[in-house]
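Working notes, beginning with the structure itself.
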Amino acid sequence: MLNIDNFNFRDKKALIRVDYNVPLDETFQITDTTRIDATFITINKILYDGGSVILMSHLGRPKGGPEEKFSLKHIVPYLSAKLNRTVLFADDCIGESAINMAAGLKPGDVLLLENLRFYKEEEKGDEDFARKLSGLGDVYVNDAFGTAHRPHASTAIIAKFFPNNKMFGYLMASEVSNLNKVLTDAKHPFTAILGGAKVSGKIEIINHLMDKVDNLIVGGGMMFTFIKALGGEVGNSLVEEELLDLSRNIVEGAKMMGVNFYLPVDAVIADAFSNDANVKSANAYDIPDPWMGLDIGPSSCQKFDHVIQKSATILWNGPMGVFEMDHFEEGTKFIAHSVAQATENGAFSLVGGGDSVAALHKFELTDKVSYVSTGGGAMLEFIEGKELPGVKAIED
Ligand code: AMP
């Protein structure tokens with residue numbers, strides 16, 4: 001498999017699949033440039049080598065034809081400013097104008113193609129559409145980890161037209177290698193911390209991690225389904241009744257496999273799902289109606305911290321409570337600091353999933369963990385053990 005670091009792009013036209021699906025305001029200004037900024041390392045390497053760059057991406061969810069609000073032309077001024085050159089724009093991602101503009105590129109030139117999803121063929125994984133895109137470049141670079149779980153024309157199918165000339169960009173390569181480091185090469189003790197709203201969203205992750213981890217810590221809304229399954233009273237807390245049996249089986253399965261399964265012992269409870277509700281602490285197994293648990297309590301934090309500090313590898317996905325509301329942020333904040341502390345002491349920590357990443361931002365700890373995955377859905381599928389079409393297409 002080719003490695004971007006060793007590849008010389010001199011006089012090559014690199015066709016890069018990026019994820020420029022960024023939020024725009026009403027005046028089409030970009031409100032969060034993180035995803036764009038993350039691609040500069042790959043683009044600059046190619047330009048520095050003496051190659052040219054053709055960028056392709058989707059933006060939003062167009063209905064299958066061009067729409068002003070989803071045009072990638074809104075990205076051009078920012079790209080030009082950041083790359084310090086005039087970025088060219090093809091107002092159709094395939095067809096004569098794109099072919100001519102790509103053919104005319106000289107070393108150092110950057111061309112951005114219009115939104116791929118203006119063609120329904122993109123999401124259908126249409127081979128002919130992929131072939132047309134492939135004709136624009138000499139080398140295919142996939143740097144869009146966020147869409148790697150989709151078998152789309154530009155993320156997966158296109159790779160077959162570059163059997164010997166395809167590779168990951170830096171962003172994608174580091175996502176894949178850091179996730180593999182945790183899933184296939186973890187140092188022990190390995191602790192997974194899972195939180196978030198529901199058990200249903202995490203079952204496949206739990207199943208896939210069960211034979212890998214030494215410790216499984218569960219917090220967030222999902223803890224109450226487990227606690228109820230084990231005979232606790234959880235009042236009005238979030239419970240998935242249909243998953244009680246399964247949750248009991250998970251706890252039993254963990255015991256059989258020698259995995260330490262840690263649940264909170266106390267909770268911060270409220271009489272309404274609101275930051276203005278009355279709040280008190282309670283035994284997590286004895287929550288009276290109509291109160292509901294919205295965060296883990298201080299004893300649980302201490303208990304979890306003890307496990308986290310002894311871990312060599314930590315995977316964290318999902319907040320411990322409703323951290324978006326100040327009265328229920330303490331548990332998530334404490335665990336974020338605990339993971340940061342363990343990292344400082346030498347553990348490898350990987351944090352991923354939209355809400356945990358947002359929590360790290362909120363508590364200003366993003367730089368204090370080993371790796372933050374921005375992959376969203378793709379990251380979740382990866383830790384569920386699924387093969388991602390965008391990754392497989394390059395690795396094959
Ligand atoms: P998820 O997308 O499944 O990771 O869930 C994240 C969401 O779970 C966040 O928006 C949290 O506010 C929410 N959450 C965390 N703890 C609880 C809880 N105890 N009850 C209800 N929602 C929670």
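When a ligand or atom number is given, it counts from 1 through the structure's own listing order.
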Quiz prompt | Location of contacts on Phe224 toward ligand 1, heavy atoms closer than 4.0 Å | solution = side chain

Self-check item: Nearest neighbour in protein (non-hydrogen) for atom 8 (O) of ligand 1
Solution: Ala197 N, 3.1 Å

Quiz item: Where do His327 and Asn275 land on the side chain to side chain donor-acceptor pair (under 3.5 Å) test, with the steps shown first?
Solution: CA-CA 6 Å; His327 287 150; Asn275 201 36; 3.2 Å; yes

Quiz item: With atoms numbered from 1 as shown, which atoms in ligand 1 lie under 4.0 angstrom from a non-hydrogen atom of Gly293?
Solution: 18 (C), 19 (N), 20 (N)

Exercise. Assess the pair Phe261 and Phe226: is the distance between their ring centroids shorter than 6.0 Å?
Key: yes

Quiz prompt | Protein heavy-atom partner closest to atom 6 (C) of ligand 1 - residue, atom, separation in Å | solution = Asp355 OD2, 3.0 Å

Quiz prompt | Closest protein heavy atom (residue, atom, distance) for atom 17 (C) of ligand 1 | solution = Gly221 N, 3.2 Å

Quiz item: Quick one: does Gly201 get a heavy atom under 4.0 Å from ligand 1?
Solution: no

Quiz prompt | Candidate list Phe89, Phe28, Tyr20, test ring-ring contact (aromatic ring centres under 6.0 Å, His included), partner His74, passing option | solution = Phe28

Exercise. Do me a favour and list the nearest non-hydrogen protein atom to atom 23 (C) of ligand 1 with residue, atom name and distance?
Key: Val322 CG2, 3.5 Å

Quiz item: Thinking salt bridges, do Glu329 and Lys362 make one under a 4.0 Å N-O criterion?
Solution: yes

Exercise. Compare Gly219, Gly353, Gly321 and give the one whose heavy atom is closest to atom 15 (C) of ligand 1.
Key: Gly321

Practice problem: Could you tell me whether Lys333 sits above the aromatic face of Phe323, with NZ or CZ closer than 6.0 angstrom to the six-membered ring centre and within 45 degrees of the axis? | Solution: no

Quiz item: Which residue owns the protein heavy atom closest to atom 4 (O) of ligand 1, what's the atom, and how far is it?
Solution: Lys202 NZ, 3.2 Å

Self-check item: Heavy atom of the protein closest to atom 11 (C) of ligand 1 (residue, atom name, distance)
Solution: Glu324 OE1, 3.6 Å

Quiz item: Taking the six-membered ring for Trp, is the centroid-to-centroid distance between Phe7 and Phe9 below 6.0 Å?
Solution: yes

Self-check item: Audit row: Asn236, Asp289, side chain to side chain donor-acceptor pair (under 3.5 Å) steps and yes/no
Solution: CA-CA 6 Å; Asn236 205 17; Asp289 264 330; 5.8 Å; no

